[in-house]
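Below is one structure, written out as structure tokens, with a few remarks after it.
All values below come from the heavy atoms of this structure, side chains included, with hydrogens, waters and symmetry mates left out.
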Amino acid sequence: MSADAVSSMPAWLRLGRVSNLPTVLSNALAAALLGAAAGGQALSSADLAALPPLMLSMCLFYVGGMYLNDAFDREIDARERPQRPIPSGEARTPTVFACGFGMLLAGWLLLGLYGNDHSRFYGALLASSIVLYNVWHKNNPCSPLLMGACRALLCLCVGSAFAGGTPPLLCLAAALLLAHIVGLSHAAKQESLDRIGALWPLAVLGLPPLAYALLALVRFIPDRAPQAWQTLTLAALLAIALTAALALAAARLLKRSAPGAVGQAVARMIAAVSLLDGLALATCLPQPAPAAILGCVAAYFATRFLQTYIPGT
């Protein structure tokens with residue numbers, strides 16, 4: 001999409017990078033199902049009623065964090081990305097700060113209403129991590145880890161609300177989500193320069209599909225039942241889709257001379273978060289959940305579509 005078309009989108013949409021919200025929704029859906037499965041039960045009607053408010057809570061955390069990112073980076077953006085809403089005069093800094101912190105508070109309060117003590121605790125950690133990242137991410141070599149922690153905590157916020165705690169299965173999903181975000185955040189740090197330095201840190205992006213593939217083999221190959229093999233096939237297809245999406249993003253990174261290549265690659269990696277969610281469900285759930293997995297795949301395509309109108313970075 002042309003720069004003029006992008007700039008015509010409302011500033012509040014661009015500030016919040018709302019094109020990436022389908023990945024937040026797939027994170028929450030996967031965390032809820034994994035949390036319930038770890039607790040030895042399926043989602044009840046009461047759980048299903050609580051899921052939309054919890055999804056909204058995570059969206060508020062995400063958009064609020066993005067608002068604060070622009071507010072804290074206003075001086076850097078004025079030099080490197082003057083088209084952003086604050087330096088271009090489309091948004092006022094005090095208003096963006098107020099909206100950002102207000103959304104974090106609203107997200108935590110909503111989490112408190114529909115979650116439990118565990119999810120409220122993780123929500124407080126999430127809000128703190130978001131603020132810490134935005135205050136201290138420039139020239140901070142640990143900033144990709146901080147960003148990854150934010151997404152992992154999102155998973156724990158929702159999953160613990162349905163698991164009644166933090167079971168190992170939920171921790172595994174959160175850790176592999178963190179690894180994916182660490183890899184893409186390394187690339188995102190170089191976007192303003194439209195280049196990327198060493199490529200080797202991106203290798204961490206291969207860890208989640210490899211880990212889930214190994215887990216699928218360990219879980220399903222000893223089981224000769226047809227349903228187990230169908231589930232293994234589904235997990236394999238999702239692992240291939242995720243790997244292909246990441247390979248396309250890596251190919252963009254290799255075209256370092258192409259304008260906007262880094263931003264386009266990072267956007268692809270962000271969208272691939274939803275494929276990772278689908279792979280987690282296909283691999284870890286005791287019973288197949290094709291509708292939920294299909295929803296995660298749809299979230300990937302929705303994110304890619306929205307990113308053509310609202311930049312994801």
Side-chain angles (χ1 to χ4, degrees), residues 22-39 144-145 147-156 158-160 162-163 166-186 201-223 225-250 268-301 303:
T23 69
V24 176
L25 297 177
S26 68
N27 282 162
L29 175 62
L33 290 170
L34 291 172
L145 189 60
M147 176 61 78
C150 291
R151 278 281 186 152
L153 285 167
L154 186 157
C155 176
L156 295 176
V158 178
S160 63
F162 296 96
T166 315
L169 180 63
L170 192 60
C171 292
L172 173 65
L176 293 177
L177 179 58
L178 182 149
H180 182 95
I181 299 300
V182 166
L184 74 86
S185 295
H186 169 74
L202 299 177
V204 73
L205 287 165
L207 178 60
L210 177 61
Y212 279 127
L214 292 175
L215 179 60
L217 289 173
V218 170
R219 284 193 61 197
F220 297 120
I221 281 189
D223 191 344
Q227 180 177 312
W229 284 102
Q230 292 170 6
T231 304
L232 180 61
T233 302
L234 180 58
L237 290 174
L238 284 164
I240 291 169
L242 175 58
T243 303
L246 295 176
L248 288 173
R268 287 177 181 271
M269 293 175 188
I270 293 172
V273 166
S274 292
L275 295 179
L276 181 60
D277 292 330
L279 179 56
L281 292 177
T283 304
C284 298
L285 289 182
Q287 298 296 327
I293 293 171
L294 184 60
C296 292
V297 174
Y300 166 78
F301 287 107
T303 302

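Put simply, CG on Leu210 and CG on Leu242 are 11.5 Å apart, with the number rounded to the nearest 0.5 Å. Distance check: Leu34 CG to Cys284 SG gives 6.0 Å after rounding to the nearest 0.5 Å. Going from atom CG of Leu238 over to atom OH of Tyr300 covers 12.5 Å, rounded to the nearest 0.5 Å. Here the straight-line distance linking atom CG of Leu275 with atom CG of Leu237 works out to 12.0 Å at 0.5 Å rounding. Atoms CG and CG, on Leu276 and Leu177 in that order, are 6.0 Å from each other to the nearest 0.5 Å. In this structure, OG1 on Thr243 lies 10.5 Å from CG on Leu205, to the nearest 0.5 angstrom.
The side-chain heavy atoms of Leu172 and Leu215, taken from C-beta on, include a pair separated by under 4.5 Å. No side-chain heavy atom of Met147 sits under 4.5 Å from any side-chain heavy atom of Leu184. A 4.5 Å side-chain heavy-atom check between Pro22 and Phe301 finds every atom pair outside the cut-off.
Annotation for Leu170 and Gly35: closest pair CD1-N, 4.4 Å, computed over non-hydrogen atoms. Contact record, Ala36 with Phe162: N-CB, 3.9 Å, taken as the closest heavy-atom pair. Scanning both residues, Pro144 and Val182, for their nearest heavy atoms gives O-CG2, 3.5 Å. Across Thr283 and Ala216, no two heavy atoms sit closer than the pair CG2-N, 3.7 Å. Leu207 approaches Ala179 most closely through the heavy-atom pair CD2-CB, 4.2 Å. Shortest non-hydrogen contact noted between Tyr212 and Ala173 is OH-CA, 3.5 Å.
In this structure a side-chain-to-backbone donor-acceptor pair under 3.5 Å is missing from Asn27 to Cys155. In terms of modelled atom types and a separation under 3.5 Å, the side chain of His180 and the main chain of Pro209 share no donor-acceptor contact.
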**OP:** Given side chain to side chain contact (heavy atoms under 4.5 Å, CB included), test Ile181 with Met269 step by step and report yes or no.
**Re:** CA-CA 8 Å; Ile181 299 300; Met269 293 175 188; over 6 Å; no
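The residue from Leu281, Leu279, Val273 that alone fulfils the side chain to side chain contact (heavy atoms under 4.5 Å, CB included) condition with Asp277 is Val273.
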